[in-house]
**Q** 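Encoded as structure tokens, here's the structure I'll be asking about.
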Amino acid sequence: MPTLNPPDSESLVWHNRFATLGEAFFTRLSPTPLPAPYWISHNRALLTELGWPSQGLSTPDALLAFSGCAIPEGAEPLASVYSGHQFGHWAGQLGDGRAISLGEVASALGPQEIQLKGAGPTPYSRRGDGRAVLRSSIREFLCSEAMHGLGVASTRALCLTGSPQPVYREEVETAAVVTRVAPSFVRFGHFEHFAAAGQHAELQTLADHVIRHHLPECTQRAAAGEHQGNIYAVLLQVVCERTAKMLAQWQAVGFCHGVMNTDNMSILGLTLDYGPFQFLDGFNPRHICNHTDTQGRYAYHRQPNVAFWNLHCLAQALSPLINDPDLSLAVLESFKTDFPQALDHAMAQKLGLIGLPGAMDTPHTVRDLTESLLTLMAKEQVDYTVFWRRLSQAVASQSLDKTHPLWQSARDLFLDRAAWDQWQEAYAQALQTGDLMSAGRTMLAHNPKYVLRNHLAEIAIRQAKTGDFSEVHTLLTLLQSPFDEHPEHEAYAQLPPAWASSIEISCSS
Ligand code: AMP
Ligand code: MG
């Protein structure tokens, strides 16, 4: 495996802190090179945000590095070990079966870990081939950036490379590698791994590592006396808070993750491991996006409860460190108020009621309006994204007259016009106390015009399979600013075509 030597003037500074934890946490290994690697897409916006060398994605060396065919100087490649609960059952040891971490690099956003997903087998691959197919890699590449564009915490994607190497799934596909970037890819499952094995020293090393390098607020909060100064209880608290916020954002934007196993839950509250995810088309709270999830464990409306269940698994794993079962339970209980509060906040933003004098005074206004609206939308499976955008435009018109064409266009989405009129009246009453211009602005900044609907990803994937990546580029640019109008891309904001509902996405990737 060749080592790449970047020019001195613009080299990356590596801090491989995870690699210092010791052999219990990972296996050092190199990626397995793919034949004839090629570029699919670059995320130049992320490169700029990170402040990494501007030529970093355009050199032949970069192609070799990001396809796992060469190792950049300073990198210390490794695959980490974790365990987890899958579909509610203890699955035992899992681990990075196809993601290889190169190490952590200094950036304008702080040190960032770089992972190559699909870079070849590892000791944790079990029966898998260590590869990721082009189809699922395009989905992960685009969706992680789409989530970031929506303001939802997520791992990021720097670039996407491909190879003609055949990969065998339900059919023969080809290989790709997503270069993922995040401050850390540590999962709930990493903690579960050491707890289950009774390796309490390693459990503590991992918790201390996460606190020190990624969640330093735990130290300050514990020092200020929170949870009797029990720093591991504060760690659990911080993870609960971040997870509550992330889940509220998922629900608000209509995102279904699809595989909320504990090994897919980030300790930093980042959306992680994009598989059979889906943004809702028609609003159906019971929607199951993962074709393999026959019981609907991970249906849209169950996601917050599953997150709570997963946090219990994390609390259980941290119990040797917290050493106070009542305290752990008390921390977990906070999710029951934090999540609804975060959701109310997100829905108030979607409804434009944040900051409106009077509207938030009646504590149940937002919740009542949201619940009655969602019930109505569910009854008719009204398109989630189109509806919220039309509502935003109606309010931004600064008129509350329901005969206004923009109000009519929201109304047109409902068959039960009487029910809609009743809801619209209650909503108009809540709005009329305030500044409609500012409410409209808030709504247009919180109700995206563009989300990565399944059929949009599918069209980009079909084209990419013919060697044309232009749709991937278009979607990347569009989804990085999903609240902007982009009038030239109106078609991407339309209702999904009839064939969209027949797309079946499974765990196979
Ligand atoms: P996921 O359902 O993608 O979160 O994966 C669950 C576990 O299976 C993780 O440990 C993955 O690393 C591993 N895995 C998934 N696909 C593959 C593959 N093709 N080769 C090796 N390991 C895999
Ligand atoms: Mg996973």
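Just so you know, residue 1 is the first one in the sequence shown, and it goes up from there. Note that ligands are numbered from 1 as they come in the structure, with each ligand's atoms numbered from 1 the same way.
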**Q** Is the shortest N/O to N/O distance between Ser509 and ligand 1 below 3.5 Å?
**A**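 So ligand 1 has no N or O lying under 3.5 Å from an N or O of Ser509.
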
**Q** Near the Mg ion (ligand 2), is there an N/O/S atom from Asn261 that is less than 2.8 Å away?
**A**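 Under 2.8 Å: Asn261 has no N, O or S contact with the Mg ion (ligand 2).
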
**Q** Which protein heavy atom lies closest to atom 14 (N) of ligand 1, and at what distance to 0.1 Å?
**A**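 Nearest protein contact, heavy atoms only, for atom 14 (N) of ligand 1 is Arg98 NE, 4.2 Å.
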
**Q** Fit a plane to each ring of Phe335 and Phe308, take the angle between them on a 0 to 90° scale, and name the class: parallel (under 30°), tilted (30 to 60°) or perpendicular (over 60°).
**A**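 Geometry flag for Phe308 against Phe335: parallel rings.
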
**Q** Both conditions, 6.0 Å and 45 degrees, for the charged tip of Arg286 above the ring of Tyr300: are they met here?
**A**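 No cation-pi geometry.
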
**Q** Is a side-chain N or O of Asn310 found less than 3.5 angstrom from the main chain of Met260, in a donor-acceptor match?
**A**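 Yes, the answer is positive, given that a donor and an acceptor are paired below the 3.5 Å cut-off.
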
**Q** Say whether Gly97, considering both its backbone and side-chain N or O atoms, lies within less than 3.5 Å of an N or O atom on ligand 1.
**A**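 Between Gly97 and ligand 1, an N or O pair is found under 3.5 Å apart.
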
**Q** Tell me the contacting part of Arg187 for ligand 1: side chain, backbone, both, or neither, using a 4.0 Å heavy-atom threshold, strictly below.
**A**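 Answer for Arg187: neither.
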
**Q** Starting from atom 19 (N) of ligand 1, locate the nearest protein heavy atom and write down its residue, its atom name and how far away it is, to 0.1 Å.
**A**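 Protein heavy atom at minimum distance: Asp129 OD1, 3.0 Å.
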
**Q** Looking only at protein heavy atoms, identify the closest one to atom 7 (C) of ligand 1 and say how far it is in Å.
**A**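 Looking only at protein heavy atoms, the one closest to atom 7 (C) of ligand 1 is Arg126 NH2, 3.1 Å.
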
**Q** Decide whether the shortest distance between a heavy atom of Gly275 and an atom of ligand 1 is less than 4.0 Å.
**A**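 Flag not set, Gly275 not near ligand 1.
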
**Q** Considering only the protein, which heavy-atom contact is closest to atom 11 (C) of ligand 1, and what is its distance?
**A**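 I find the closest protein heavy atom is Gly95 O, 4.0 Å.
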
**Q** Just jot down the ligand 1 atoms closer than 4.0 angstrom to any heavy atom of Gly128, in number order.
**A**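 Selected atoms, number and element: 18 (C), 20 (N), 21 (C).
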
**Q** Identify the heavy atoms of Leu94 and Gly84 that sit nearest to each other, and give their distance.
**A**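 That would be CD1-N, 3.9 Å.
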
**Q** Any cation-pi pair here, Arg297 with Trp309, using under 6.0 Å and within 45°?
**A**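 Yes, Arg297 sits over the ring of Trp309.
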
**Q** Is the NZ or CZ atom of Arg462 positioned over Trp499's six-membered ring, under 6.0 angstrom from the centre and within 45° of the axis?
**A**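 The answer is yes, since Arg462 meets both limits relative to Trp499.
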
**Q** Would Ser83 and Gln93 count as a side chain to side chain donor-acceptor pair (under 3.5 Å) if you check the C-alpha gap in whole Å, the side-chain angles of each, and the deciding distance to 0.1 Å?
**A** CA-CA 4 Å; Ser83 296; Gln93 183 183 304; 5.9 Å; no

**Q** Mind telling me whether Phe18 and His190 have parallel, tilted or perpendicular rings, with 30° and 60° as the class edges?
**A**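 Taking Phe18 first and then His190, their aromatic rings stand perpendicular (interplane angle over 60°).
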
**Q** Provide the number and element of each atom of ligand 1 under 4.0 Å from a heavy atom of Asn264.
**A**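 Within the 4.0 Å cut-off of Asn264, ligand 1 contributes 4 (O).
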
**Q** For ligand 1, which atoms, with element, lie under 4.0 Å from some heavy atom of Ser125?
**A**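 Listed by number with element: 21 (C), 22 (N).
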
**Q** Report, in ascending order of atom number, the atoms of ligand 1 lying under 4.0 Å from any heavy atom of Gly130.
**A**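 The list of qualifying atoms is 18 (C), 19 (N), 20 (N), 21 (C).
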
**Q** For Asp273, is there an ion pair with Arg187 - N to carboxylate O distance below 4.0 angstrom?
**A**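 Salt bridge flag = yes for Asp273 with Arg187.
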
**Q** Provide the number and element of each atom of ligand 1 under 4.0 Å from a heavy atom of Arg169.
**A**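 Atoms satisfying the 4.0 Å criterion: 19 (N).
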
**Q** I'd like to check atom 5 (O) of ligand 1 in this structure: does the protein have a heavy atom lying under 4.0 Å from it?
**A**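 Protein heavy atoms within 4.0 Å of atom 5 (O) of ligand 1 - there are none.
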
**Q** Which word best sums up how the rings of Tyr274 and Phe255 line up, parallel for under 30°, tilted for 30 to 60°, or perpendicular for over 60°?
**A**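 Rings of Tyr274 and Phe255: perpendicular, as their planes differ by over 60°.
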
**Q** Please give the atom name: the N, O or S atom of Asp273 nearest to the Mg ion (ligand 2).
**A**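 In Asp273, the N, O or S atom with the shortest distance to the Mg ion (ligand 2) is OD2.
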
**Q** Which ligand 1 atoms are under 4.0 Å away from a heavy-atom of Asp273?
**A**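 Those atoms are 4 (O).
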
**Q** Thinking salt bridges, do Glu140 and Arg180 make one under a 4.0 Å N-O criterion?
**A**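 Yes, Glu140 and Arg180 are salt-bridged.
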
**Q** When you measure from atom 2 (O) of ligand 1 to the protein, is at least one non-hydrogen atom found at a distance under 4.0 Å?
**A**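 So far as the 4.0 Å threshold goes, atom 2 (O) of ligand 1 is out of reach of every protein heavy atom.
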
**Q** Number the atoms of ligand 1 from 1 as they appear, then name those within less than 4.0 Å of a heavy atom of Gln86, with their elements.
**A**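 That gives atoms 6 (C) of ligand 1.
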
**Q** Does an N or O from Tyr124, backbone or side chain, lie closer than 3.5 Å to an N or O of ligand 1?
**A**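 No, since none of the N or O atoms of Tyr124 sits under 3.5 Å from an N or O of ligand 1.
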
**Q** For the backbone of Ile322 and the side chain of Asn230, can you confirm whether one donor and one acceptor N or O come within less than 3.5 Å of each other?
**A**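 Flag set: sc Asn230 to bb Ile322 pair under 3.5 Å.
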
